[in-house]
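The next block holds one structure in the form of structure tokens; read it before the comments.
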Amino acid sequence: MFSHLPEPKLDPILSLSVAYRNDPRSEKVDLGIGVYKNSLGETPIMQAIGLAEHKVLDTQKTKSYVGLAGCEEFNQSMVSLVLGDSPVLDRVSAIQTPGASGALRMLGDLMKIAQPNTTVWLSNPSYVNHQPVMEAAGLKVKHYSYFCPVTKQVDTARMLEEISHAGKDDVVLLHGCCHNPTGADIDLETWQQLTQLAQDKGFTPFVDVAYQGFGDGIDEDAAGLRYMAERVEEMMITTSCSKNFGLYRERTGAAIVLGRSAKDALNARGKLLTMARATYTMPPDHGAALVKTILQDAELKNLWLQELTGMQKRLVSLREALCHEFRTVHNSANFDFIQSHKGMFTVLGFSQQQMSRLREEFGIYGVGDGRINIAGLTEGDISYVADAIYKVS
Ligand code: LMR
């Protein structure tokens, strides 16, 4: 049965962590997978999560099943976090999923059932798992231009022009904030223009907001998608607690559907639940129990927000420090764009070969598409990393 299977291809992000661990050099920096590290190079459990864990341990009386949709209070809390107190909440439904990749797949499968001829439009480039997940769901995938390699910013005019050709059978996947991999975000005006296009052309927007809170803040990072949600008939959203709650391994995310009516949203949810039953039955509870505990407790929520703001501000200062190093030590303004990017990632505009040189000559592990994870840097790495990037550029 298995002998004809080809050798597996390595995952372009996950395989880097293994290669990094196995690298015997002492001078090495892991800027691959999107994980936040503090100034000691550690990814600690957030204090709010630690406190919620104690609370859950003290109060949880059973490990019995929760339900196909996971924890309903978690789902409601996530809808509020993403959509705020939007007037469209009465036609929104949500399910808890195993991480945001689980949410992407569930919504991909839902699209395949609801509208089999769907083509999903992805930004070029996009998160490396977007295309495999959508194709695994049996959907066609197309790309729209997004990033200008010269300015290292979004090529908004080209993006809007290409998306203006999307039609009723199309779904346009947008990054809510902190674009992965480029770090270049669209502004509110572009969200407004995209909303108008969705209304005029009839395509369905699909927003992945896995990094909410890492750009400008929880509400600020959701402003564009909230604007859009209030004006379009249908929309899908995936969200994750991996990054903003630091719950990576707990696989905690949600899939959110905005329907034309409350009935539509509930029917979509019903279909998602049937599909969940046929896939994994129900999502793991622990991460969702922690997030729910935090979001329903004013003190814990405040602490969590403070910690998240701390991480977000540190990313800004790491970006500033890197640019400062290029300017003062290497007399180069060529990397100023790093400061204008948002969230964990920045695309350097390097080729595969340049990324290999960074890895082989300097032990600096970034993703082959030129992405580096700013959140993987410590203050002590700045000079070494800037020097290596400068030499390879
Ligand atoms: C990343 O882009 O590094 C993260 O989202 C991790 C992943 O699952 O790919």
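Numbering of ligands and ligand atoms starts at 1, following listing order. One is the number of the first residue; the rest follow in order along the sequence.
- Shown here are the side-chain contact (heavy atoms from CB on, under 4.5 Å) partners of Gln47, two or more places apart in sequence or in another chain: Leu303, Glu307.
- Each ring-ring contact (aromatic ring centres under 6.0 Å, His included) pair with one or both residues in residues 250-280, not counting sequence neighbours, would appear here, but there are none.
- The ring-ring contact (aromatic ring centres under 6.0 Å, His included) search around His341 returns Phe337, not counting sequence neighbours.
- Using cut-offs of 30° and 60° on the angle between ring planes, the pair Tyr36 and Phe214 is tilted.
- Taking 4.0 Å as the cut-off between side-chain N and carboxylate O, Arg91 and Asp264 do not count as a salt-bridged pair.
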Output, or 'none' if empty, a list of ligand 1-protein atom pairs in which both atoms are N or O and the distance is under 3.5 Å, rounded to 0.1 Å.
unit_1, atom_1, unit_2, atom_2, d
ligand 1, 2 (O), Asn180, ND2, 3.0
ligand 1, 2 (O), Arg371, NH1, 2.9
ligand 1, 3 (O), Gly34, N, 2.8
ligand 1, 3 (O), Arg371, NH2, 2.8
ligand 1, 5 (O), Tyr211, OH, 3.3
ligand 1, 5 (O), Lys243, NZ, 3.3
ligand 1, 8 (O), Tyr127, OH, 3.0
ligand 1, 9 (O), Tyr127, OH, 2.9

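- The six-membered or imidazole ring of His165 lies away from that of Tyr144, with a centre-to-centre distance of 6.0 Å or more.
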